[in-house]
Asks: 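Take a look at the following structure, please.
Side chains are part of it too, since the values below use all heavy atoms of this structure and drop only hydrogens, waters and symmetry mates. Chain letters run A, B, ... following the sequence lines, proteins first and then strands; every chain starts at 1.
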Amino acid sequence: MALRAAEWCKLPTSLTELCINTTLRCGQSFRWRKSEDDTWTCAMHGRILSLRQDAEALHYRALFPEKQKPALPTPPPSTAAAAAAAAAAGDDDDTLAFLNHYFNLAPNLGQLYEQWAASDANFKRRAPKFTGIRILRQDAWEALIGFICSSNNNISRISGMVHNLCLHYGPLIGHMDGTPYHDFPTPEALCKPRVEEHLRELGFGYRAKYIAKTARIVAEEKGGLPWLHALTNPEYPQFGVEPAPAGELLQGGREGYRRAHDELLALQGVGPKVADCVCLFGLGWLESVPVDTHVWQIAQRDYRFGKGKHSSLTAATYVAIGNLFRKLWGKEAGWAHSVLFTADLKAFAERTVAKTEVKEEEEEVEIKTEGDDVVVETFIKQEITKRKRVKTEPEPDENQHQLVQVSERATRRSKRQRA
DNA sequence: TTTCGACCTCACGA
DNA sequence: ATCGTGAGGTCGA
């Protein structure tokens with residue numbers, strides 16, 4: 001399939017406002033691929049998108065499938081060439097607008113980080129090495145299936161599964177350097193007979209059934225994607241839709257968020273965590289806080305969960321963690337939470353806090369529950385934080401297949417009891 | 001309401 | 001070398 005040629009274009013931005021190398025690797029999306037020359041590529045929105053970033057700008061290029069030749073008399077060569085040039089130059093090219101939408105570039109990220117840091121010492125301590133992380137505005141259906149794949153799974157395997165889904169069931173957008181690029185499959189495509197069996201052969205395990213069933217529920221019972229898209233935060237709409245007010249933030253999130261979360265739970269393979277991922281990454285409900293094993297670790301280590309009433313990750317504890325984070329960070333709690341989540345990912349371990357023993361003044365938060373309300377108290381911790389270097393091991397970088405020295409931080413912060 | 005197993009697969013450590 | 005474990009959980013009892 002021939003693709004219209006395209007030029008590289010520039011979208012000026014700083015690495016603190018957007019860092020694609022972190023944003024595209026932090027586990028919110030599973031389809032972007034990085035090549036040896038640091039170019040990220042993915043097929044979406046009817047085109048093959050390529051991205052590169054340097055200190056000044058995001059460089060982007062879109063390759064479109066050649067349009068079907070109309071059954072009309074062909075225009076004279078000169079006119080045809082001019083039309084092709086115009087199309088390639090951007091007359092019908094909304095790539096810039098799409099990128100602004102997809103990367104969610106309107107909010108000032110520096111300000112948001114400052115705001116989160118001001119209300120939470122732990123964020124202030126961890127975030128500086130993880131700037132430029134943005135919550136992508138992904139397609140909700142893609143997010144839904146992607147996160148159904150995520151249960152009991154790791155990012156690299158999830159990516160492989162999603163890749164296989166596109167390869168076998170997604171529409172072919174075109175080829176680049178001999179490689180086919182497929183967009184994400186529709187619900188209808190995943191309703192075809194024997195999908196479950198096929199996905200099991202492809203190594204999806206028990207998720208094969210979840211995907212097949214969820215596709216059928218969405219396509220046949222719910223009437224298709226409009227049902228899913230109607231759950232989108234109206235304040236934070238899909239591409240090409242005008243924003244509308246979304247109501248006020250309650251402890252448990254806005255009403256629209258709670259409704260979306262509830263509706264999603266009716267699907268197969270969708271529990272509270274996956275539903276929250278879809279709300280956050282696909283439906284624009286940024287107060288959504290998906291609590292997975294990492295976040296549960298963080299909640300125990302840095303926010304004093306794991307004791308008393310919240311000694312295990314029950315449904316009640318799950319809600320309490322979300323409520324605390326919303327109280328701490330406000331309407332975009334899920335965004336702030338994603339920064340801390342990323343800071344804890346093994347793939348980014350080389351960036352975690354210094355391994356040498358450091359004397360620092362730390363602030364901790366004390367969580368209390370009073371009735372249904374969560375109370376946060378912060379206080380200064382003066383002790384030296386002991387950091388022990390446990391092991392140094394080579395670990396292959398998922399994308400570059402190069403060995404990097406990774407040392408795991410094995411700190412147990414002393415659990416000082418409040419006097 | 002909370003608590004268990006079971007569930008696919010795969011890579012890693014003991 | 002085999003076995004256990006954990007990886008961004010969910011389901012059913």
Side-chain angles (χ1 to χ4, degrees), chain A residues 22-31 133 135-136 138 143-165 195-214 217 261-262 264-282 288-301 308-322 325 334-335 337-349 369 372 390-398 401 403 406 408 410:
Chain A
T22 311
T23 298
L24 298 180
R25 284 201 303 150
C26 70
Q28 61 175 312
S29 61
F30 304 106
R31 227 149 53 78
I133 298 173
I135 300 296
L136 301 170
Q138 300 177 71
L144 171 59
I145 298 301
F147 283 99
I148 285 177
C149 293
S150 77
S151 79
N152 258 326
N153 212 341
N154 57 68
I155 292 179
S156 107
R157 185 169 162 227
I158 300 165
S159 301
M161 288 163 63
V162 171
H163 179 76
N164 267 330
L165 230 34
V195 164
E196 178 181 345
E197 189 185 349
H198 184 211
L199 293 182
R200 274 193 180 266
E201 285 166 12
L202 289 173
F204 281 63
Y206 59 81
R207 303 163 197 84
K209 182 167 69 181
Y210 292 162
I211 292 169
K213 280 197 172 182
T214 286
I217 294 172
H261 192 263
D262 277 358
L264 291 167
L265 292 180
L267 304 171
Q268 277 299 302
V270 181
K273 189 269 178 181
V274 170
D276 269 322
C277 287
V278 178
C279 284
L280 178 60
F281 302 125
S288 170
V289 177
V291 181
D292 53 40
T293 104
H294 282 284
V295 176
W296 173 232
Q297 300 298 320
I298 293 170
Q300 293 175 87
R301 186 192 60 202
K309 189 182 173 186
H310 296 129
S311 58
S312 66
L313 185 47
T314 63
T317 303
Y318 186 104
V319 170
I321 293 173
F325 285 179
W335 197 331
H337 132 286
S338 296
V339 174
L340 293 189
F341 170 83
T342 304
D344 254 48
L345 277 181
K346 251 193 189 161
F348 297 105
T369 40
D372 283 340
V390 164
K391 60 184 84 169
T392 305
E393 61 200 281
E395 191 172 286
D397 183 305
E398 277 171 27
H401 302 290
L403 295 179
V406 177
E408 203 156 305

Asks: Nearest to the side chain of A/Arg157, heavy atoms from C-beta on, is which of B/dC8, B/dT3, C/dG8?
Replies: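 Shortest atom-to-atom distance from the side chain points to B/dC8.
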Asks: Without decimals, in angstroms, what is the distance between A/Ile217 CD1 and C/dC11 C1'?
Replies: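 For the pair A/Ile217 CD1 and C/dC11 C1', the rounded distance is 13 Å.
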Asks: Looking only at side-chain atoms of A/Tyr206, point me to the closest of C/dG8, B/dC7, B/dT2.
Replies: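 For the A/Tyr206 side chain, the nearest candidate turns out to be B/dC7.
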Asks: Among C/dG9, C/dT10, B/dT2, which nucleotide has an atom closest to any side-chain atom of A/Ala315?
Replies: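 Nearest to the side chain of A/Ala315 among the choices is B/dT2.
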Asks: Are any of A/Arg200's side-chain N or O atoms less than 4.0 Å away from OP1 or OP2 of B/dC8?
Replies: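 Yes, because at least one side-chain N or O of A/Arg200 sits under 4.0 Å from OP1 or OP2 of B/dC8.
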Asks: Using a 4.0 Å heavy-atom cut-off across all strands, classify A/Val270 as base, sugar-phosphate, or nothing.
Replies: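 Result for A/Val270 = sugar-phosphate.
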Asks: I need the NZ-P distance between A/Lys213 and C/dG12, as an integer number of Å.
Replies: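 Rounded to whole Å, this separation is 7 Å.
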Asks: What does A/Gly27 touch in the nucleic acid at a heavy-atom separation under 4.0 angstrom: a base, only the sugar-phosphate, or nothing?
Replies: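 The residue A/Gly27 makes base contact.
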Asks: How long is the line joining NE2 of A/His261 and C1' of C/dT10, in whole Å?
Replies: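 Going from A/His261 (NE2) to C/dT10 (C1'), I get 13 Å.
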Asks: Quick check: any donor-acceptor pair below 3.5 Å linking the side-chain of A/Lys273 to the base of C/dG8?
Replies: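 Answer is yes: a donor-acceptor pair is held.
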Asks: Sticking with atom C1', work out how far B/dC8 lies from C/dA7, rounded to a whole angstrom.
Replies: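 Comparing C1' positions in B/dC8 and C/dA7 gives a spacing of 13 Å.
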Asks: What is the distance from CG of A/Leu265 to C1' of C/dG12, rounded to the nearest Å?
Replies: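 Nearest whole value for this atom pair: 16 Å.
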Asks: When you get a sec, tell me which of B/dC8, B/dT2, C/dT10 is the closest nucleotide to the side chain of A/Arg207?
Replies: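 Closest of the options to the side chain of A/Arg207: B/dC8.
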Asks: Below 4.0 angstrom from OP1 or OP2 of B/dT3, is there any side-chain N or O of A/Ser312?
Replies: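 Answer yes for this pair, as a side-chain N or O of A/Ser312 is under 4.0 Å from OP1 or OP2.
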Asks: Contact class for A/Gln28 (heavy atom, under 4.0 Å): base, sugar-phosphate, or nothing?
Replies: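 Since a base atom lies under 4.0 Å of A/Gln28, the category is base.
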Asks: Using the P atom in both, what is the distance from B/dC4 to C/dG8, to the nearest Å?
Replies: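 My reading of the P atoms in B/dC4 and C/dG8 gives 24 Å.
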Asks: Take A/Leu24 and A/Leu136 through the test side chain to side chain contact (heavy atoms under 4.5 Å, CB included) and record every step on the way to the result.
Replies: CA-CA 9 Å; A/Leu24 298 180; A/Leu136 301 170; 4.0 Å; yes
Asks: Separation of A/Ile145 atom CD1 from C/dT10 atom P, in whole Å?
Replies: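 In whole Å, C/dT10 P and A/Ile145 CD1 are 14 Å from each other.
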Asks: Mark yes or no for whether A/Arg31, through its side chain, and A/Val162, through its backbone, hold a donor-acceptor pair below 3.5 Å.
Replies: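 Answer holds: no.
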Asks: The side chain of A/His294 is closest to which nucleotide in this list: C/dG9, C/dG8, B/dC8?
Replies: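 Looking only at side-chain atoms, A/His294 lies closest to C/dG8.
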Asks: Is it true that a side-chain atom of A/Trp335 and a backbone atom of A/Ile133 form a donor plus acceptor pair closer than 3.5 Å?
Replies: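 Flag set: sc A/Trp335 to bb A/Ile133 pair under 3.5 Å.
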Asks: Whole angstrom is fine here: how far is it from OH in A/Tyr210 over to P in C/dG8?
Replies: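 Value for this atom pair: 18 Å.
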Asks: Over 60° means perpendicular and under 30° means parallel, so classify the ring planes of A/Phe325 and A/His337, tilted if in between.
Replies: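 The rings of A/His337 and A/Phe325 sit tilted, inter-plane angle from 30° to 60°.
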Asks: Hey, is the main chain of A/Ile148 close enough, under 3.5 Å, to the side chain of A/Tyr210 for a donor-acceptor pair?
Replies: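 Not a single qualifying donor-acceptor pair exists.
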Asks: Mind checking who B/dC8 pairs with, Watson-Crick or G-U wobble, both distances under 3.5 Å?
Replies: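 The answer is none; no pair meets the criterion.
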Asks: Which nucleotide in the list B/dT2, C/dG8, C/dT10 gets nearest to the side chain of A/Phe281?
Replies: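 Comparing B/dT2, C/dG8, C/dT10 against the side chain of A/Phe281, the answer is C/dG8.
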Asks: Classify A/Pro272 by what it touches in the nucleic acid, base, sugar-phosphate, or nothing, heavy-atom distance under 4.0 Å.
Replies: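 Sugar-phosphate, backbone atoms only, no base.
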Asks: Relative to the 5' end of DNA chain C, which residue comes earlier, A/Cys277 or A/Leu267, by the nucleotide with the nearest heavy atom?
Replies: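 So the residue in question is A/Cys277.
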Asks: Using whole Å, report how far CG of A/Asn153 lies from C1' of B/dT9.
Replies: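 Going from CG in A/Asn153 over to C1' in B/dT9 covers 8 Å.
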Asks: When the P atoms of B/dA6 and C/dG4 are considered, how many whole Å apart are they?
Replies: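 It works out to 13 Å between them.
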Asks: For C/dA13, what is the paired nucleotide under Watson-Crick or G-U wobble rules, both distances under 3.5 Å?
Replies: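 Matched C/dA13 with B/dT3 under the 3.5 Å cut-off.
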Asks: From CG of A/Asn152 over to C1' of C/dC11, roughly how many Å is that when rounded to an integer?
Replies: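 In whole Å, C/dC11 C1' lies 12 Å from A/Asn152 CG.
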Asks: Step by step, would you call A/Thr317 with A/Thr314 a side chain to side chain donor-acceptor pair (under 3.5 Å)?
Replies: CA-CA 5 Å; A/Thr317 303; A/Thr314 63; 3.1 Å; yes
Asks: For A/Cys149, answer base if it contacts any base atom (sugar-phosphate contacts may also be present), sugar-phosphate if it contacts only those atoms, and nothing otherwise; contact means non-hydrogen atoms under 4.0 Å.
Replies: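 Result for A/Cys149 = nothing.
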Asks: When you check the phosphate oxygens OP1 and OP2 of C/dG8, does a side-chain N or O of A/Thr293 lie under 4.0 Å from one of them?
Replies: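 So the side chain of A/Thr293 is outside the cut-off, no N or O lying under 4.0 Å from OP1 or OP2 of C/dG8.
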Asks: Carefully, step by step, assess A/Leu313 and A/Ile321 under the rule side chain to side chain contact (heavy atoms under 4.5 Å, CB included).
Replies: CA-CA 9 Å; A/Leu313 185 47; A/Ile321 293 173; 4.3 Å; yes
Asks: Over all strands shown, is A/Ala316 touching base, sugar-phosphate only, or nothing at heavy-atom distances under 4.0 angstrom?
Replies: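 Since only primed, P, OP1 and OP2 atoms lie under 4.0 Å of A/Ala316, the category is sugar-phosphate.
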